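Throughout, a chain's letter reflects where its sequence line sits, starting with A, and its residues are numbered from 1. The shown structure was predicted, so the numbers you read here are calculated from the model rather than taken from an experiment.
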Amino acid sequence: MSDTETESDIDSLGPNVRQTAAELATGDRTETLLQTDGLVKQFGGFTATDDVDFSVAEGELRCLIGPNGAGKSTLLNLITGSYEATAGSIYYNGHDITDLDPHERVSRGISMKFQVPSVYGALSVRENVRLPVQQFADGEERRRLVAEAIEAAGLTGYEDVDAGQLSHGQQQQLEIGMAAALEPDLLLLDEPVAGLDVAEREAIAERITRLNEEQGIAFVVIEHDTDFVASIAEEVTVLHNGEVFREGPIEEIESDPEVQRIYLGGES
Amino acid sequence: MVNGINLALQFLDSFAFIVLAAAGLAIIFGIMGVINLAHGEFILIGAYTSTLSVTHLGIPLAVAIPIGGVVTALFGILTERVIISGAVPNYVSQRTLDRDIIEPLYDRLADSMVATFGLSLILTQGTRIAFGNSIDGLSTPFGPIEYGAFSYSTYRIVLAAVSIGLLVATYYLFTRTEFGMRARATIQDKETARAMGVDTERMYMLTFGIGSGLAGLTGALFAPVITMRPTLGDQFLVESFVAVVVGGPSVVLGTALSGGVLGAILAVFSNLYGTFIGRIALLVAALIALRFLPDGITGFIEQLRKRRQESE
Amino acid sequence: MSSTEPTSAPNRSLPDRLRSRFEGPNTIGDSRGFWVGFVVAVAALAVYPVFGDGSQLSLFMVLALLGLSLSVVWGYSGVLSFGQVVFFGIGAYTFGVVSINFATPGGITAAVVAGIVGGGLSAAILGYFMFYGGVRDVYVTIITLVSTIVMHTFMAQTAGSEWAIGEAALGGFNGMPDIPVLTLGVEGASYQFMYNPFPMRVIGIGSFELSPFYYLVLVLLVGTYLGLRVLVNSDYGRVMVAVREDEDRTEMFGYNVTRIKFVVFTLGGALAGLSGVLYAARNVYIDPTVFSLLFATLPVIWVSIGGRKSLLGAVVATLAIEYLRISMAGELALVLLGTLLLVTILVLPGGFVPWVHRQIVDARLGPGEAGGPDAPDASSEVSD
C-alpha cells in the first residue's frame with residue numbers, strides 16, 4: 001500500500017520540513033513519513049492544537065503523551081482528516097495532504113483506531129475484518145488475509161460472533177487487526193489499552209511491537225499508562241496545552257522532571 | 001401592490017403563526033432529542049377541546065383556550081409515559097415478562113419520527129371517527145380594526161401579541177426557574193446533568209407535557225380562525241418543524257429568529273405572489289438554511305461569537 | 001464488486017455457485033427451503049389473475065418497487081428518506097409529459113426511460129446538494145420531507161393553462177389525465193401492455209383474459225428484487241451496510257462515504273422513478289397526491305413494519321399493508337395502520353419479516369444453539 005518516494009521529494013517541501021527531516025536523517029532514521037508544519041486547530045474560541053510541528057519517521061514507534069486536554073486526540077484527528085486544520089499543513093511521504101478527505105489519506109497508507117472502540121457491533125467478526133480487506137484482495141487471497149487477521153487478533157473461533165458481543169479487550173484487538181489489515185505505513189492508535197487488564201495490555205503491547213518490527217509499520221500511540229508506554233515506545237512526544245512540550249527518545253522523557261510536573265498538575 | 005401597513009400586519013401574522021406553532025416542538029426537540037410528528041395532532045386536540053368547550057359546554061372562550069392547553073398537556077404526559085419513554089408498558093412487562101419491552105425514543109430521531117407519525121395517524125383518524133369530517137367552528141372575537149380603506153382582524157393582532165408574550169414567558173421559564181436551569185443543563189450535557197442529580201426521567205415527562213401544552217394552546221388560540229377538521233394539524237406541522245431546526249439549539253432565541261426570518265419571507269412572498277408561492281419560498285429558504293447553517297441560526301451566531309472572542 | 005468466490009468446498013456445482021450470489025448476511029433466506037418457497041410464491045403470483053383481482057395486485061406490486069427503493073436507501077445505507085415519493089412523482093409526471101407529447105410506441109418507450117432518468121436525476125441533484133454539502137443524519141431526513149412538501153405545494157398550483165409542457169398540461173390538483181397506454185417498442189414492432197388483454201385457454205378449467213401489464217410488473221418486481229439481492233450481498237453491498245452502521249469508521253477504512261451515499265440515493269431515485277412510471281401507466285393519470293404527506297410516509301410505514309433491513313420485508317409489507325388498507329373501511333384502516341406502526345417501532349424495531357425469519361431459524365436449529373464461540377459455522381454462510 002505504500003508509495004515509494006525518493007529523497008528528492010523532500011526538496012519540494014518547505015524549509016521547516018527540510019530542516020527537521022535533515023535532523024531526523026541522522027542516526028538510523030530514514031525517511032520522514034509524516035510531517036506537520038505549524039498545525040493549528042481552533043474550536044470556536046478554544047485552541048486545541050497550537051502551532052504544532054510533529055513528525056514521524058518510517059517504521060518509527062512513537063508515543064504521544066500528555067495530560068488530559070493536551071490535544072492528543074485532536075492531533076490524530078487532524079492527521080487523519082477527521083478534523084480540518086484551522087491553519088498549517090500536513091505532509092505525508094512528501095505530499096501535501098492537508099486538503100485531502102479522510103478516505104483519501106487512508107488509501108495513501110494512514111490508518112487509525114478510534115479512542116472509543118468502534119467495531120461494527122451488529123456484524124460478525126468475520127464481516128468486520130472483511131471490510132478493509134475486500135478492497136484489495138479477492139477470492140482465495142481474501143479468505144487467507146481475513147483468517148490471518150482474525151488469528152492475529154486472537155479471535156479464532158469467534159468468526160461468526162457479533163462484534164458487539166465481544167469483550168472490551170477482544171474488541172480492541174479486533175479493531176487493531178482491522179486497522180492493520182489495511183497494510184498501512186502509519187498506524188495511529190488512540191488509547192488502545194484503555195480499560196484492559198494487565199494481561200490484555202501485554203498482549204496488545206506485544207502485538208504492536210510485532211507489527212512494527214515485522215511489517216515496518218510506523219506507529220503513533222496515545223496512551224496514559226506509563227508502563228505500557230515504556231514497554232513499546234522508541235520515541236515520545238509530550239503535548240501540553242496543545243503545544244509540543246518535549247520530544248525525544250523514551251529514556252530521556254522518562255526521567256524528565258518537567259514532564260512529571262505537568263502530569264501532576266499545575267500550569268507550566 | 002405592497003402596502004406598508006398591510007405587509008407589516010402580514011408579517012406579524014406569519015411571525016405569530018410560526019412562533020406559536022414551533023414553540024412546543026422546539027422545547028421537546030431541544031431537551032429530549034425527540035421529533036414529534038404528531039405535533040400537528042396535539043394542536044388539533046387543543047383546537048377541538050376549546051371549540052367543543054365553547055359550543056357544547058358553554059364555557060367562555062377566554063377560559064376555553066387555557067383548558068385546551070391543559071387537556072393537551074395531560075395527553076402529552078400520557079403519550080410520554082406510554083410511547084416516548086415506554087415507562088408504563090415496561091412497568092407492566094417487568095412484572096409479567098420480567099424484562100423491558102420498549103426502549104425509550106430519546107435521541108432516536110428517525111425512530112421517533114416514525115413512531116409519532118403512527119400516533120398522528122391514530123389521532124387524526126380517531127378524531128374523524130369520533131367527530132366526523134368537521135365540527136362547527138367559532139366566530140372570531142373582537143371584530144375588525146379599520147384603517148383607511150383596509151380592515152384587519154383584531155384577533156390576529158391579539159395572536160401576535162400572545163406569541164411575543166409566549167416567547168417572553170418561555171425565556172423566563174428557562175432562565176429564572178429551577179425547572180429551566182435543570183432543562184438547560186440537560187440540553188447541554190445529559191449525562192452530567194444526571195450525575196448532578198437532575199431527575200432526567202421526570203424532566204422529560206414535564207418537558208413533553210409543557211411542549212404538548214403549548215401545542216394545544218396554539219390550537220386553541222387559532223381555533224376561531226381556521227376550519228375545524230381532523231387534518232388541521234397539517235398546516236402547522238412542516239412549518240413548525242422547519243422553524244425549529246432552522247432556529248438552532250437556543251430554544252427561545254432560535255424560535256424568535258426563525259419566526260422573524262421565515263415569517264418575513266412568508267409574508268413578502270405571499271403578498272407578492274400568493275399563498276402557494278409564499279409557502280414554497282419559506283420551505284426553500286429553510287432548505288438553504290439547513291444546508292448552509294447546519295446548526296441553525298443560533299448555532300451560527302454562537303460560532304461567530306466564539307470566533308470574535310478568540311480574536312480579541 | 002467481487003468475482004465469484006470459491007468456498008471451502010472447491011467442487012461446488014454451478015447452481016450452488018450461482019445461488020451464493022443471491023445469498024449472504026444482508027438478506028433473508030439462504031436455505032433450499034427458502035428458494036423453493038420463493039419459486040412457489042412467484043408461481044402463485046403468476047397464476048393469481050386467474051382467480052383474483054389482478055388489476056389491484058398490479059398496483060400493489062408497482063408500489064412494492066417504491067418500497068424497495070426506500071429499503072435500499074434506508075435499510076441498507078442508513079439514509080431515512082421521506083423523499084422517495086418526490087422521485088416517484090417526478091418519474092410519473094415525466095412519463096406523462098413525454099408520452100403525451102410523443103404518443104407513438106417509440107415515444108412512449110422513450111418516455112419510460114425518461115421517467116426513470118427523471119427519478120434518478122432529481123435524486124442525484126438533491127443527493128449532491130445534501131451529501132456533498134455535508135448534511136447528515138436527521139437533517140437529511142428533514143430536507144427530504146421538506147422537498148416533498150415543496151413539490152406538493154408547487155404541483156398543486158399548476159392548474160392554469162400556462163402550466164403545460166408541450167401538449168401536456170400539468171393540471172394542478174386535477175392532475176394530468178389521458179396518459180397514453182403503455183406500449184413498448186417502435187413503430188411496426190411494438191407491444192401494447194395496457195388495455196390489451198391476451199386470451200389463455202386451459203383445458204378443463206376454462207379460458208381467461210390476462211393483462212400483459214400485470215406480467216410486466218411481476219417480471220420487473222421479481223427482477224429488481226433478485227438484482228438488489230445480488231447488490232446487497234456483493235462487496236459494494238457490504239460497504240453500504242458498513243456506511244449504515246458507522247459512517248465515520250467506514251470512511252476511515254478508505255471508503256468514500258459521501259460518494260457511496262450519493263450513488264445509492266441516486267439508484268433509489270431511479271428505482272422510485274420506475275415505480276412512478278408504472279403507476280402513471282397503470283392509472284393513465286397522475287396528480288399531486290403522490291407528493292402528499294401521507295403518501296410520502298407510506299413507504300416509511302411499509303418498510304418499518306416489514307423490516308427496513310430486509311428486501312423481502314419491504315415487498316411483503318407493501319403488498320400486505322396496501323391490501324389491508326384498501327380492503328378495510330377507510331378510517332379504521334388508518335387507525336389500525338397507525339397502531340401497527342407505533343407498536344412495531346416500539347416493540348419490534350427490526351420489523352416483522354426478520355422477526356419471523358428468526359423464529360423459523362431458531363426452530364430449525366433447535367434450542368440452545370444460538371451463535372457463540374462453539375457454534376458450528378452457520379449453515380447459511382456459504383461464501384467467504
Side-chain angles (χ1 to χ4, degrees), chain A residues 1 77 80-82 84 101-114 116-143 146-147 155-166 170 175 178-179 181-182 184 188, chain C residues 1-10 17 20 24-26 75 78 131-132 134 233-261 309 349-350 354 365 369-384:
Chain A
M1 250 192 142
N77 280 321
T80 59
S82 300
E84 217 179 289
D101 285 335
H103 70 269
E104 291 173 300
R105 302 187 195 197
V106 171
S107 63
R108 283 165 185 258
I110 304 179
S111 181
M112 168 153 171
K113 188 205 86 67
F114 290 119
V116 176
S118 37
V119 294
Y120 297 100
L123 303 182
S124 74
V125 167
R126 189 205 311 270
E127 284 159 38
N128 265 273
V129 180
R130 201 185 203 257
L131 198 67
V133 172
Q134 77 180 24
Q135 287 176 97
F136 50 85
D138 263 353
E140 203 51 54
E141 200 202 335
R142 177 190 299 192
R143 298 168 44 69
V146 167
L155 291 170
T156 320
Y158 289 82
E159 286 87 350
D160 293 308
V161 175
D162 282 352
Q165 295 184 338
L166 296 175
Q170 286 172 319
E175 236 195 304
M178 287 162 76
L182 286 169
L188 310 172
Chain C
M1 295 274 250
S2 72
S3 49
T4 324
E5 298 166 354
T7 68
S8 45
R17 271 214 307 271
S20 75
N26 295 329
F131 302 127
Y132 283 91
N233 284 318
S234 70
D235 281 357
Y236 196 79
R238 289 163 196 257
V239 179
M240 282 164 62
V241 169
V243 167
R244 174 192 81 207
E245 291 292 307
D246 191 338
E247 274 185 35
D248 295 319
R249 197 73 195 83
T250 308
E251 177 97 16
M252 290 310 300
F253 280 123
Y255 293 108
N256 188 344
V257 169
T258 309
R259 190 173 62 190
I260 292 172
K261 288 197 287 188
K309 298 179 186 174
L365 283 181
E369 282 196 43
D374 304 318
D377 259 19
S379 53
S380 46
E381 290 260 32
V382 217
S383 60
D384 203 47

* Structure fact -> The reported gap from CG in C:D248 to CE in A:M112 (rounded to nearest 0.5 angstrom) is 10.5 Å
* Can you find a heavy atom in the side chain of C:R249 that is under 4.5 Å from one in the side chain of A:E175? -> yes
* To do: Kindly indicate whether the side chain of A:S82, heavy atoms from C-beta on, has any atom under 4.5 Å from the side chain of C:E251.
  => no
* Asked: Relative to chain C, which segment of A:L123 carries a heavy atom at a distance below 4.5 Å: side chain, backbone, both, or neither?
  -> side chain
* Asked: Do C:M252 and A:T80 have side chains that get closer than 4.5 Å, going by heavy atoms?
  -> yes
* Closest approach of A:H103 and C:Y255, non-hydrogen atoms and distance? -> CB-O, 3.2 Å
* Asked: Does the side-chain contact (heavy atoms from CB on, under 4.5 Å) test come out yes or no for C:F253 and A:L182, once each step is laid out?
  -> CA-CA 8 Å; C:F253 280 123; A:L182 286 169; 3.8 Å; yes
* Test item: C:V239 and A:Q135 side chains (from C-beta on) under 4.5 Å apart, heavy atoms -> no
* Provide the closest heavy-atom pair for C:G254 versus A:V106 in the form atom of the first, atom of the second, distance. => N-CG1, 3.3 Å
* Heavy-atom pair count under 4.5 Å with chain A, highest-scoring of C:D246, C:T258, C:V257, C:N256 -> C:N256
* Residue pair A:R130 / C:D235, side-chain heavy-atom distance below 4.5 Å -> yes
